[in-house]
Amino acid sequence: MGVGVGVGKLNFLSTDLAVLAQSNNKCRKHVCWRSNTAAFHHRKPISWSVLCGFMLFGLGLISLLTGHMASDLEWYSQRLVHRTLYSALEGNYRASVDVWKSQYSKYYYGCCERGRGYAPAVREPLSNGYLLIGTSGGLNQQRTGITDAVVAARILNATLVVPELDHHSFWKDDSDFVDIFDVEWFISYLAKDVTIVKRVPDKFMRSMEKPPYTMRVPRKSEPEYYLDQVLPILLRRQVVQLTKFDYRLANNLDDELQKLRCRVNFHALRFTKPIQELGQRIVMRMQNMAQRFIAVHLRFEPDMLAFSGCYFGGGDKERRELGEIRKRWTTLPDLSPDGERKRGKCPLTPHEVGLMLRALGFSNDTYLYVASGEIYGGDETMQPLKDLFPNIYTKEMLADEELKPFLPFSSRLAAIDYIVCDESDVFVTNNNGNMAKILAGRRRYMGHKRTIRPNAKKIGTLLAARHEMDWDTFSKKVKSCQRGFMGEPDEMRPGRGEFHEFPSSCVCKRAYVKEELGKEVYRPPKLRAINLTKADSSLNGIRRRGRT
């Protein structure tokens with residue numbers, strides 16, 4: 001009976017895969033990508049536990065009938081017996097937290113390989129046309145646009161022209177793509193995904209009857225929008241330019257497209273050699289002074305504070321200065337400073353960041369690298385943090401002369417900070433802006449390196465009342481309210497938050513770690529890793545591999 005059930009399930013899966021193969025054969029040049037997820041929404045996914053149960057039941061019957069125990073039965077039994085190990089990883093951390101490193105990080109690793117049915121990139125002469133992209137904002141906001149531009153080109157079967165960087169944002173940086181990123185590496189690394197060229201061929205441009213069509217895609221548009229609204233224009237005009245391209249693609253996409261996002265963001269976007277070398281030299285200088293160090297992205301610049309609409313205790317002078325800066329954004333609504341603070345929307349002051357870190361357990365001999373631009377209030381604002389952590393350094397302190405060629409370019413300076421923050425043992429972000437999200441996602445992908453984000457709503461309340469309690473009580477309360485904001489693996493669940501911050505489709509969980517049992521255990525090759533988005537349904541995992 002167990003064997004019959006297994007054969008029935010295999011027939012069922014074979015039918016599904018055949019249907020998928022037929023649908024993929026209908027793929028035309030113009031629309032070679034469509035999500036097939038809707039076809040499976042009416043079926044309830046089979047849980048891993050139920051599937052393992054059927055497998056154990058079947059193997060047990062075979063063993064009784066034949067007298068031979070299947071070689072994999074011991075592995076599956078131990079996997080089920082030790083489920084407590086894995087349930088501990090899913091949440092409910094009650095033990096004290098190591099502030100330097102997650103004890104669960106060894107169970108997770110980045111994975112963004114192409115699926116078996118992944119179609120090769122469409123070559124330039126056969127593509128549907130050329131896609132021009134104009135990014136928007138500062139370095140990390142533009143990084144999101146570049147990442148999504150590659151995915152948009154994949155959806156449209158278009159040839160992507162190397163994206164143009166924003167020269168008119170608040171930061172006024174006239175750097176081009178080639179000044180910040182290794183363009184040759186970018187093109188070659190993604191050659192299997194999308195064909196990328198440095199410019200539209202002159203011969204093609206001269207033959208065009210009209211200039212490139214320019215349009216702006218709505219924020220967080222679904223792939224279907226690109227196919228229905230952008231593709232017809234691309235086919236007709238052959239060159240389309242998408243402007244203000246930041247967060248113009250939906251957060252949740254098909255798994256293959258999400259993995260493409262990860263290949264772009266975590267692998268293809270490599271900084272130029274001068275930026276990379278200086279960033280690494282600064283990292284080495286920090287490591288030579290301390291065995292491990294914290295990088296703090298304070299984000300306490302005047303523009304950030306003005307944009308937040310918060311008040312930081314600077315009296316009429318602060319209200320006047322930040323009010324003048326707010327006038328630069330004509331569409332900003334009037335905000336209540338008290339209301340924003342209660343909602344957890346206000347960044348902490350440098351002093352408050354220091355208090356949080358000391359309360360979490362970092363001692364005053366800890367080395368801090370501060371990644372930030374001009375701090376509002378200057379040395380006066382920074383002094384309370386320096387009192388708590390005397391060993392504070394910045395890129396200006398560690399690379400004075402070497403930094404001079406980069407000083408006129410805010411994006412290149414931000415790239416150097418990005419490198420040091422990425423290489424730090426602990427990354428602390430003071431807001432949830434673009435750099436914070438991008439780095440948090442990268443550090444999760446690279447092994448869940450410790451990343452701390454203040455639970456601003458609760459921390460703000462605690463800080464306001466800190467004089468009403470002793471230090472031990474304050475420290476205990478800070479540790480309690482920071483659970484879930486320390487970069488632990490259980491904080492990342494499929495569908496939670498922005499994909500750039502929570503790249504769940506690109507983080508896999510090891511199926512078994514032998515050290516937990518203290519002996520070697522056989523692991524079937526096909527079951528060495530379970531993707532976080534697929535752990536609850538191996539059936540759905542098989543279906544996804546049939547898609548392009």
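For reference, positions follow the sequence shown, starting with 1.
The shortest distance between side-chain heavy atoms of L462 and V478 falls below 4.5 Å. Counting heavy atoms from C-beta on, the side chains of C506 and F499 come closer than 4.5 Å. Taking 4.5 Å as the limit, some side-chain heavy atom of R248 sits within range of a side-chain heavy atom of R219. Between S102 and P489, some side-chain heavy-atom pair lies under the 4.5 Å cut-off. Here the side chains of F362 and F389 are in contact, with some heavy-atom distance below 4.5 Å. By the 4.5 Å heavy-atom criterion applied to side chains, P223 and L253 are counted as neighbours. Residues H351 and L385 fail the side-chain proximity criterion, which asks for heavy atoms closer than 4.5 Å.
Every residue two or more places apart in sequence or in another chain was checked for a salt bridge (Lys or Arg N to Asp or Glu O under 4.0 Å) with D425, and none qualifies. Not counting sequence neighbours, C421 has no partner by the disulfide (SG to SG under 2.5 Å) test.
Between F427 and H297, the ring planes are parallel. Angles under 30° get that label, and only those over 60° would be called perpendicular.
Checked against a 6.0 Å centroid threshold, the rings of F186 and F177 count as neighbours. Proximity of the aromatic rings of Y445 and Y109 is defined here by a centroid distance below 6.0 angstrom, and this criterion is not met.
A cation-pi arrangement is present between R143 and Y418 under the rule of less than 6.0 angstrom and at most 45 degrees off the ring axis. Taking the ring axis of Y311 as reference, the NZ or CZ atom of R319 stays within 45° of it and closer than 6.0 Å to the ring centre.
The existence of a salt bridge linking E402 and K404 is excluded, since no basic side-chain nitrogen approaches an acidic carboxylate oxygen closer than 4.0 Å. Of the charged side-chain nitrogens involved, none lies within less than 4.0 Å of a carboxylate oxygen, so that D182 and K273 do not count as a salt-bridged pair.
Within a 6.0 Å sphere centred on NZ of K386, heavy atoms belonging to other residues, nucleotides or ligands number more than 12. For CZ of R114, the number of neighbouring non-hydrogen atoms (other residues, nucleotides, ligands) closer than 6.0 Å is greater than 12. In Y189, the OH atom is crowded: over 12 heavy atoms of neighbouring residues, nucleotides or ligands sit closer than 6.0 Å. Heavy atoms of other residues, nucleotides or ligands lying less than 6.0 angstrom from CE of M284 number 12 at most.
In summary, of the residues considered (V194, L190, V264), a side-chain contact (heavy atoms from CB on, under 4.5 Å) with R154 occurs for V194 alone. Here the options are R483, R444, R450, the test is side chain to side chain donor-acceptor pair (under 3.5 Å), and the partner is E488; only R450 passes.
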- Task: Just do the disulfide (SG to SG under 2.5 Å) check on C112 and C262 with the steps written out, would you?
- Result: CA-CA 6 Å; C112 64; C262 296; 6.0 Å; no
- Task: Step by step, work out the ring pair (Phe, Tyr, Trp, His ring centres under 6.0 Å) result for F312 and F300.
- Result: CA-CA 11 Å; F312 301 93; F300 207 71; 5.3 Å; yes
